[in-house]
Amino acid sequence: MIIEKKLLKQDSVEKLFAKLKADGRRILAPKAQGDEIFFEQVASASEMAKDYIQTTLSPKGAVFPRVEALFRYQMEGKDVKIENNSEPQPTVIFGLRPCDAASFAILNSVFSWDYQDSQFKSRLAQTAAITVSCSRADEYCFCTSVGGSPGDTKGSDILLTRIGSGDYLAEILTEKGKAMVTLAPELFAEAPSEDKEKYLAKVPVKFDLKKLTEKLPEAFNNNELWMEQSLRCLGCGACAFVCPACVCFDIQDESKRESGVRLRCWDSCGFSLFTAHTSGHNPRPVQSQRWRQRVMHKFSYFNDRQKYLGCVGCGRCSRKCPADMNLLEHLKAIAEAR
Amino acid sequence: MSEPNIYQPFLMRIDKITEEAPLVKTFKLVFVNDEEGKKFQFKAGQFGEYSVFGEGECTLCIASPPTRPGYIECTFRQAGRVTGALAGKEEGEIIGFRGPYGNTFPLEQWQGKNLLFIAGGIALPPLRCVIWNALDLRDRFKEITVIYGARSVADLVYKQELEEWAKRGDLKILTTVDPGGETPDWKGEIGFVPAVLEKADPICENTVALVCGPPIMIKLTLPVLAKLGFSPENTFTTLENRMKCGIGKCGHCMVGKYFVCKDGPVFTLAQLNQLPPEY
């Protein structure tokens with residue numbers, strides 16, 4: 001639901017950053033590192049990458065870091081003292097895409113069904129998203145096939161769309177968004193009567209989601225299909241690491257003499273160790289079964305259990321696959337199979 | 001943080017260590033914080049994440065019965081990094097425990113029924129919890145039968161309890177070892193669990209069967225149970241899979257769309273028949 005529409009001048013972004021920082025928030029924005037673009041803390045809007053379709057890693061790390069401490073511990077003789085984390089710093093993510101913004105609800109559905117993950121939830125509560133809608137897309141993008149769109153407002157607090165003048169049409173979407181506007185009301189002018197649609201990228205629908213989800217339960221037993229689709233898969237896990245919706249994790253300890261930390265780290269069902277028992281038994285011993293798990297989890301199990309798809313159609317997994325496996329092609333093949 | 005940290009373990013003091021078999025030990029654990037211990041409740045079949053600080057967590061069932069509050073026990077074989085570190089711990093030392101997690105054996109629904117326990121090797125601990133639970137409430141159940149086998153006499157766990165159970169008049173116990181695993185003074189059966197089960201020929205009417213053991217034992221035992229007339233709905237087992245969180249989030253233990261940690265670990269054979277072979 002849109003609370004209000006405003007105009008944010010191109011040169012006001014820097015001023016907005018200053019106001020947000022003065023309010024004690026850290027700002028994460030896309031920053032170039034060679035050919036790659038990552039969300040990093042920026043001091044000024046001038047540090048941001050200028051032209052990008054999609055960042056290399058999603059902004060998932062802001063709410064679900066690649067490696068994070070679950071708690072720290074200190075051994076004192078035979079006693080153990082446990083120290084929990086302090087409250088996270090308020091954070092604004094700037095320049096994420098609508099597909100990225102949509103992924104937060106998916107992550108939240110896992111971290112807050114049944115047992116409540118307080119660490120994730122407080123990070124999410126402290127995070128605001130100023131999303132920039134997509135004026136360009138590439139052949140890997142398929143948000144419109146999984147319920148999103150280049151100007152979708154889901155998950156954003158403010159959605160900016162660049163219009164002809166180079167300024168931004170700002171849709172203020174949530175109370176969090178409104179609170180940011182309140183920090184610098186002078187930067188938000190009256191909105192022009194322009195419609196954002198004509199400035200948005202065109203992303204054609206590439207497969208029939210309903211057909212895909214209907215066919216998956218039966219496709220589970222089609223070993224040939226999974227074998228063929230996964231022939232190129234190296235099991236490197238890159239697809240999971242760049243995915244904004246992958247939520248599987250590992251728990252590991254790191255210690256130095258008397259003190260240590262219990263860590264949560266991103267993991268991937270593409271790794272053979274993901275399911276390996278200590279006995280040596282592995283319920284998914286071959287890569288085709290691991291690829292099947294990736295597809296089934298995202299497009300069938302997630303759907304059933306969490307009422308979300310585990311995918312936002314950002315295309316990162318296919319862009320970054322070292323073996324050029326294209327998720328979109330594979331989903332299309334399953335959806336269109338007779 | 002306003003809500004508690006669900007990954008923070010209880011601190012548990014190792015009260016007693018029992019050597020069960022080569023590389024197999026039982027820890028009796030008591031809560032360092034009395035208040036936590038008093039509030040702690042669980043049911044037969046549930047499990048936990050046991051941790052050695054500096055090494056990590058491992059998933060083990062709670063092997064003691066809920067009818068004996070104030071402590072929990074775990075029995076483990078030294079196999080990986082964490083169980084290796086656990087094995088190095090001494091009485092009085094502190095380890096971590098998160099739990100109880102997972103579903104339970106529906107003992108309430110089994111009142112007035114016969115219970116048949118079939119276990120192999122290191123898989124007796126989850127059933128031992130149920131056996132003691134039933135023995136502590138003995139008048140609620142009819143006949144209790146335990147069939148337990150291991151590779152060799154040395155590999156049998158809970159040796160003292162097996163003797164204790166054999167002396168009690170209120171349950172029938174058959175212990176067996178694989179051919180060649182017997183000692184000169186071995187008085188029990190010699191042979192594999194499925195064969196001993198078939199010979200014992202327990203009645204299936206009004207009986208619930210609980211099976212837990214290595215995959216090969218389960219594979220060969222299920223057809224015998226079917227032959228004896230046990231329905232898939234009355235045949236129970238407890239699954240294990242690699243787990244990390246234990247609370248339906250980390251994704252490791254999935255079997256199809258089910259989480260062994262949340263939807264299990266207790267499943268009926270009827271439920272298992274609907275699952276893909278991912279365990």
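Each chain gets a letter, A, B and so on, in the order the sequences are listed, and its residues count up from 1. Small disclaimer: the values here were computed from a predicted structure and weren't measured.
In this structure, the side chain of Lys298(A) engages the main chain of Gly310(A) through a donor-acceptor pair within 3.5 Å. Distance alone, capped at 3.5 Å, is enough to place a donor-acceptor pair between the Trp266(A) side chain and the Phe64(A) backbone. No donor-acceptor pair under 3.5 Å is formed between the side chain of His297(A) and the backbone N or O of Lys257(B).
Contacts of Met243(B) with chain A are absent, with no heavy-atom separation under 4.5 Å from either backbone or side chain. Looking at Asp304(A), only its side chain comes within 4.5 Å of chain B, counting heavy atoms on both sides. Using a 4.5 Å cut-off between heavy atoms, Glu55(B) touches chain A through its backbone atoms (N, CA, C, O) alone. Only the side chain of Phe220(A) comes within contact range of chain B, judged by heavy atoms closer than 4.5 Å. Heavy atoms of Leu70(A) lying under 4.5 Å from chain B belong to its backbone as well as its side chain. For Cys253(B), no part lies under 4.5 angstrom from a heavy atom of chain A. The parts of Pro9(B) that come within reach of chain A are both its backbone and its side chain, each placing non-hydrogen atoms under 4.5 angstrom from that chain. Of the two parts of Ser268(A), neither the backbone nor the side chain holds a non-hydrogen atom closer than 4.5 Å to a non-hydrogen atom of chain B. Residue Thr278(A) touches chain B through its side chain alone, counting heavy-atom pairs closer than 4.5 Å. Contact of Asp79(A) with chain B is made through backbone and side chain together, with heavy-atom distances under 4.5 Å. Proximity to chain B (any heavy atom under 4.5 Å) is restricted, for Asp267(A), to the side chain, taken from C-beta onward. Both the backbone and the side chain of Ile247(B) come within less than 4.5 Å of a heavy atom in chain A. If you measure heavy-atom distances from Gln252(A) to chain B, the contacts under 4.5 Å come from the side chain alone. In this structure, the portion of Val52(B) lying under 4.5 Å from any heavy atom of chain A is its backbone and not its side chain. Contact annotation for Arg77(B): neither backbone nor side-chain heavy atoms come within less than 4.5 Å of a heavy atom of chain A. Interface residue Tyr115(A): backbone and side-chain heavy atoms are both found under 4.5 Å from chain B. For Phe53(B), the parts lying under 4.5 angstrom from a heavy atom of chain A are both the backbone and the side chain. Using a 4.5 Å cut-off between heavy atoms, Lys256(A) does not touch chain B at all.
Using a 4.0 Å cut-off between a side-chain N of Lys or Arg and a carboxylate O of Asp or Glu, Arg305(A) and Asp263(B) qualify as a salt bridge. A salt bridge between Lys78(A) and Glu90(B) is absent, with no side-chain N of the basic residue lying under 4.0 Å from a carboxylate O of the acidic one. Salt bridge status for Lys262(B) with Asp114(A): present, with a side-chain N to carboxylate O gap under 4.0 Å. Electrostatic pairing of Asp250(A) and Lys244(B) counts as a salt bridge here, judged by a charged N lying under 4.0 Å from a carboxylate O. Taking 4.0 Å as the cut-off between side-chain N and carboxylate O, Asp100(A) and Arg316(A) count as a salt-bridged pair. Contact check on Glu68(A) versus Arg264(A) returns a salt bridge, with a Lys/Arg side-chain nitrogen under 4.0 Å from an Asp/Glu carboxylate oxygen.
In terms of heavy-atom pairs under 4.5 angstrom with chain A, the leader among Lys249(B), Glu240(B), Met254(B) is Lys249(B). Per-residue heavy-atom pair counts under 4.5 Å with chain B were compared for Glu254(A), His277(A), Arg292(A), Gln116(A), and the maximum is reached by His277(A). When Ser259(A), Pro217(A), Pro285(A), Ala276(A) are compared by the number of non-hydrogen pairs under 4.5 Å with chain B, Ala276(A) comes out ahead. The residue among Arg284(A), Lys121(A), Arg262(A) with the most heavy atom pairs within less than 4.5 Å of chain B is Arg262(A). Between chain A and the residues Pro215(B), Ser51(B), Gly96(B), the largest count of heavy-atom pairs under 4.5 Å involves Ser51(B). Among the candidates Phe302(A), Phe111(A), Tyr301(A), the residue making the largest number of heavy-atom pairs closer than 4.5 Å to chain B is Tyr301(A).
A 6.0 Å sphere centred on CD of Glu76(A) holds more than 12 heavy atoms belonging to other residues, nucleotides or ligands. The 12-atom threshold is exceeded at CD of Glu36(B), counting heavy atoms of other residues, nucleotides or ligands nearer than 6.0 Å.
Proximity to chain A among residues 56-64 of chain B is limited to Gly56(B), Glu57(B), judged by heavy-atom separations below 4.5 angstrom.
Checking Phe42(B), Tyr50(B), Phe47(B) one by one against Phe97(B), the ring pair (Phe, Tyr, Trp, His ring centres under 6.0 Å) holds for a single residue, Tyr50(B).
For the 3.5 Å distance criterion, the side chains of Arg26(A) and Thr91(A) qualify, holding a donor opposite an acceptor.
Closest of all the heavy-atom pairs between Pro66(B) and Ala44(B) is CG-N, 3.8 Å.
Under the 30°/60° scheme for interplanar angles, the aromatic rings of Phe259(B) and Trp113(A) are found to lie parallel. Using bins of under 30°, 30° to 60° and over 60° for the plane-to-plane angle, the ring pair His252(B)/Phe274(A) lands in the parallel bin.
When side chains are defined from C-beta on, Gln293(A) does not count as touching Gln289(A), because their heavy atoms never get closer than 4.5 Å.
With a 6.0 Å cutoff to the six-membered ring centre and a 45° limit on the axis angle, Arg128(B) counts as a cation-pi contact of Tyr158(B).
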